[in-house]
Amino acid sequence: MSEFLGQMKRTNYCTEVSEEQIGQEIVVMGWTAKTRNLGSLIFIDLRDRTGILQIKFDENLVDKETFAKAESVRNEDVLAVRGVLRAREGAAKNPRMKTGMVEVVAKELKILADADIPPFVVENNPNASEALRLKYRYLELRTPALQEKIMLRSKVCSIIRNFFADNGFLEIETPFLGRSTPEGARDYLVPSRVHPGEFYALPQSPQLYKQLLMVSGFDKYYQIARCFRDEDLRANRQPEFTQIDMEMSFVDDEEDVMNVAERLIRKVFKETIGVEFEQNIRRMTYKEAMTRFGSDKPDTRFGLEIQDISDLVKDCGFGVFTGAIAAGGSVRLVNAKGFSRQPNPILSRKEIDALGEFVKTYKAKGLATITVKEEGVQSSVAKFLSEDTLNAILKRANAEVGDTLMIVADKNETVFASLGALRLKLAEKAHLIDENKYDILWITEFPQFEYSEEEGRLVAVHHPFTMPKVEDLPLIDTDPLAVRAKAYDLVINGQEAGGGSIRIHSKEVQNKMFETLGFTDEKIQKMFGWFVTALNYGTPPHGGLAFGLDRLIMLLSKTDNIKDVIAFPKVQNASDLMTEAPSEVEDKQLRDLSIGITAKN
RNA sequence: GGCCUGGUAGUUCAGCUGGUUAGAACGCUAGCCUGUCACGCUAGAGGUCGUGGGUUCGAUCCCCAUCCAGGUCGCCA
């Protein structure tokens, strides 16, 4: 039965007890983490969000009724305890606990709420599947490991707000209920009751609104903004997520925005986990990142760089290689240095063969390997190559005994995707990544356009309002794929932590962009006429950036799972296992919205 | 939408290419215990083997379908 607090007031958090309080009476409240009943002596570990404090009930020091009540306490019961803080003596000390030198000798106990037996024991790394933990998320959130991450997130938000306020940025909210934009990710739609058959869309990002705020003259804006994308989930992707969104006016040099972003990130890392980044975070062009690491978000904490051998094999006579090159692609390799060193190779033959299947998931047709052994090379492709060619490849790759060269020949996109993924896989297998290291860099000079096979036209890599490099403007007509954008991504440990761009403020350039993307005036009007109209009324040069808050917290707390940093996350099929959302709704609600359900898949 | 992995006590798992009573640990219940902190000791309860169908004398085990969960490719301007 639940008891009421009455006159009891909490005096201390469980772990926030000081030496000076020893001998004094205190009142603590929290959840029962563990009970240990020794007969006429009962220990209860009491937990709140600061940690655990041991409570002692001694049969000789407390009245019978209270002792009996203490005997009835079960895990996760909510308790209020009044007692005297005592120093522990001798062997009773527990140096493994933050509060292991003290304990509370209880005088009074109230069981504020008794708890049902939890479906899993509430402790760090609960022995339960993720599905079960998410169904009872409120219990998992009681674990110190998760509480730490959620509290870290709160701290980061507070640092961000202070930083922006100190730097003259205004926090301005933008709508959740907006207009659907058919480009980009799928929208979450919200039906309108007042306008039957019409829908709002939840924002994929506040992008257009924040640009309008620049048109309005707010000059420096930020927002910690929730964004929604109706796409499939990943270990680091949720359907709703949070961006640290900022935009500033009267800048047209990328460095001006990057500088602000850098100062913010430096402050966040320093004030939360004490990590200080070098004064000048290095820049790497998109082209260099792709060529060396096969990714626009390279993990540069380890080597295994990609090398181009197209020039060495272009006339080698081996059709797989020459064909790929003739079709405009390339032949590149990663030297898995020492992976086949005998007698204890990092990867067995079988494991190396399995990597062939691995690269196929990235559309590569296969993986050619050359292993250098004492007695010579072992290779599936050596017989197609002349000795000179083979030697040239080994030399290019700086191959030594014990190395395995892993080669992909295909169109560049596929070569980079597969080898980029392969080097991450190899690093993981060989434990090449120092988990305590933070590696941060900017990727710059992204291409403005890319060719979409699906649409059969050029599309914007970033979005159609991204400003191209001024010196590349003449290329728009002659070689659009060579046009570089004033766009930049901040990459930390191979994760895209944030990205942004300078936006187009010139009508002429904007029209040129639309023209190049093949947008007719009609289409422009229909898709974002309201936005283009606004740009015509006096738009200052502006640019901005958005960080992924969830991914930042993941980096700070060293987790690979985005669910660890969100209080109530969703699972792979975008449902919430706790509330069982989404759910069917009552017919009346559907009628109000003029919605009829025609079919279910 | 494709591919891969998993689903057996409250929980995490084991279960021999098919056989008589489906096990372990933790948790839970009861009893004993004054220095535990993964307390200890004794006893006990607890199972539609995800669901539906098939093969078989017989299915937790093999096959098919389906549902659920995880990872991943596509997708994420």
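Below, read A as the first sequence line, B as the second, and so on, with proteins coming before strands; counting in each chain starts at 1. Computed from a predicted structure; not experimentally measured. These values consider heavy atoms only, across backbone and side chains, with no hydrogens, waters or symmetry-generated copies.
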Distance, [atom1] atom - from [M] to [N], rounded to whole angstrom:
{"N": "B:A69", "M": "B:C76", "atom1": "P", "result": "24 Å"}
{"N": "B:C62", "M": "B:A24", "atom1": "P", "result": "24 Å"}
{"N": "B:C16", "M": "B:A22", "atom1": "C1'", "result": "14 Å"}
{"N": "B:U8", "M": "B:U60", "atom1": "C1'", "result": "7 Å"}
{"N": "B:U29", "M": "B:U56", "atom1": "C1'", "result": "42 Å"}
{"N": "B:U21", "M": "B:C64", "atom1": "C1'", "result": "32 Å"}
{"N": "B:A43", "M": "B:U51", "atom1": "P", "result": "34 Å"}
{"N": "B:G52", "M": "B:A59", "atom1": "P", "result": "14 Å"}

Are any of the side-chain nitrogens in [X] or [Y] under 4.0 Å away from the carboxylate oxygens of its partner?
{"X": "A:Lys297", "Y": "A:Asp489", "answer": "no"}
{"X": "A:Asp550", "Y": "A:Arg237", "answer": "no"}
{"X": "A:Arg86", "Y": "A:Glu103", "answer": "no"}
{"X": "A:Glu123", "Y": "A:Arg47", "answer": "no"}
{"X": "A:Lys425", "Y": "A:Glu428", "answer": "no"}

Kindly give the heavy-atom pair with the smallest separation between A:Ala115 and A:Asp77, and that separation in Å. N-OD1, 2.7 Å
According to a strict under-4.0 Å criterion, is [X] in side-chain N/O contact with OP1 or OP2 of [N]?
{"X": "A:Ser129", "N": "B:U12", "result": "yes"}
{"X": "A:Arg234", "N": "B:C73", "result": "yes"}
{"X": "A:Arg96", "N": "B:A38", "result": "yes"}
{"X": "A:Asn236", "N": "B:C76", "result": "no"}
{"X": "A:Lys34", "N": "B:C39", "result": "yes"}
{"X": "A:Arg36", "N": "B:C39", "result": "yes"}
{"X": "A:Asn573", "N": "B:A69", "result": "yes"}

Kindly point out which of [options] is positioned nearest to the side chain of [X]?
{"X": "A:Gln54", "options": "B:C76, B:C37, B:A69", "answer": "B:C37"}
{"X": "A:Asp232", "options": "B:G70, B:C28, B:G74", "answer": "B:G74"}
{"X": "A:Asn127", "options": "B:U36, B:C76, B:U12", "answer": "B:U12"}
{"X": "A:Met97", "options": "B:C37, B:G71, B:G74", "answer": "B:C37"}
{"X": "A:Arg186", "options": "B:U36, B:C75, B:U72", "answer": "B:C75"}

Could you write out each protein N or O paired with an N or O of nucleotides 29-32 of chain B at a distance under 3.5 Å?
| residue | atom | partner | partner atom | Å |
| --- | --- | --- | --- | --- |
| B:U29 | OP1 | A:Arg74 | NE | 2.9 |
| B:A30 | OP2 | A:Arg74 | NH2 | 3.3 |

Checking only heavy atoms, does the side chain of A:Arg237 share a donor-acceptor pair with the base of B:C75 at less than 3.5 Å? yes
If [N] has a Watson-Crick or G-U wobble mate with both distances under 3.5 Å, name it; if not, just say none.
{"N": "B:C32", "result": "B:G40"}
{"N": "B:U56", "result": "none"}
{"N": "B:A25", "result": "B:U11"}

For [X], report the nucleic acid contact type (base, sugar-phosphate, nothing); a contact means any heavy atom under 4.0 Å.
{"X": "A:Ala92", "result": "base"}
{"X": "A:Val121", "result": "sugar-phosphate"}
{"X": "A:Glu103", "result": "base"}
{"X": "A:Lys93", "result": "base"}
{"X": "A:Leu132", "result": "sugar-phosphate"}
{"X": "A:Ala460", "result": "sugar-phosphate"}
{"X": "A:Ile42", "result": "nothing"}
{"X": "A:Phe120", "result": "nothing"}
{"X": "A:Gln572", "result": "base"}

What's the CD-P distance between A:Glu357 and B:U72, to the nearest Å? 19 Å
Less than 4.5 Å apart, side chain to side chain, heavy atoms only: is that true for A:Lys149 and A:Thr559? yes
Does A:Ile52 reach the side chain of A:Leu46, with side-chain heavy atoms less than 4.5 Å apart? no
On RNA chain B, nearest-nucleotide positions of A:Ser205 versus A:Leu577: which is more 5'? A:Leu577
I'd like to know whether NZ of A:Lys287 has more than 12 heavy-atom contacts from other residues, nucleotides or ligands below 6.0 angstrom. no
Do you see a donor-acceptor pair shorter than 3.5 Å between the side chains of A:Asp472 and A:Gln448? no
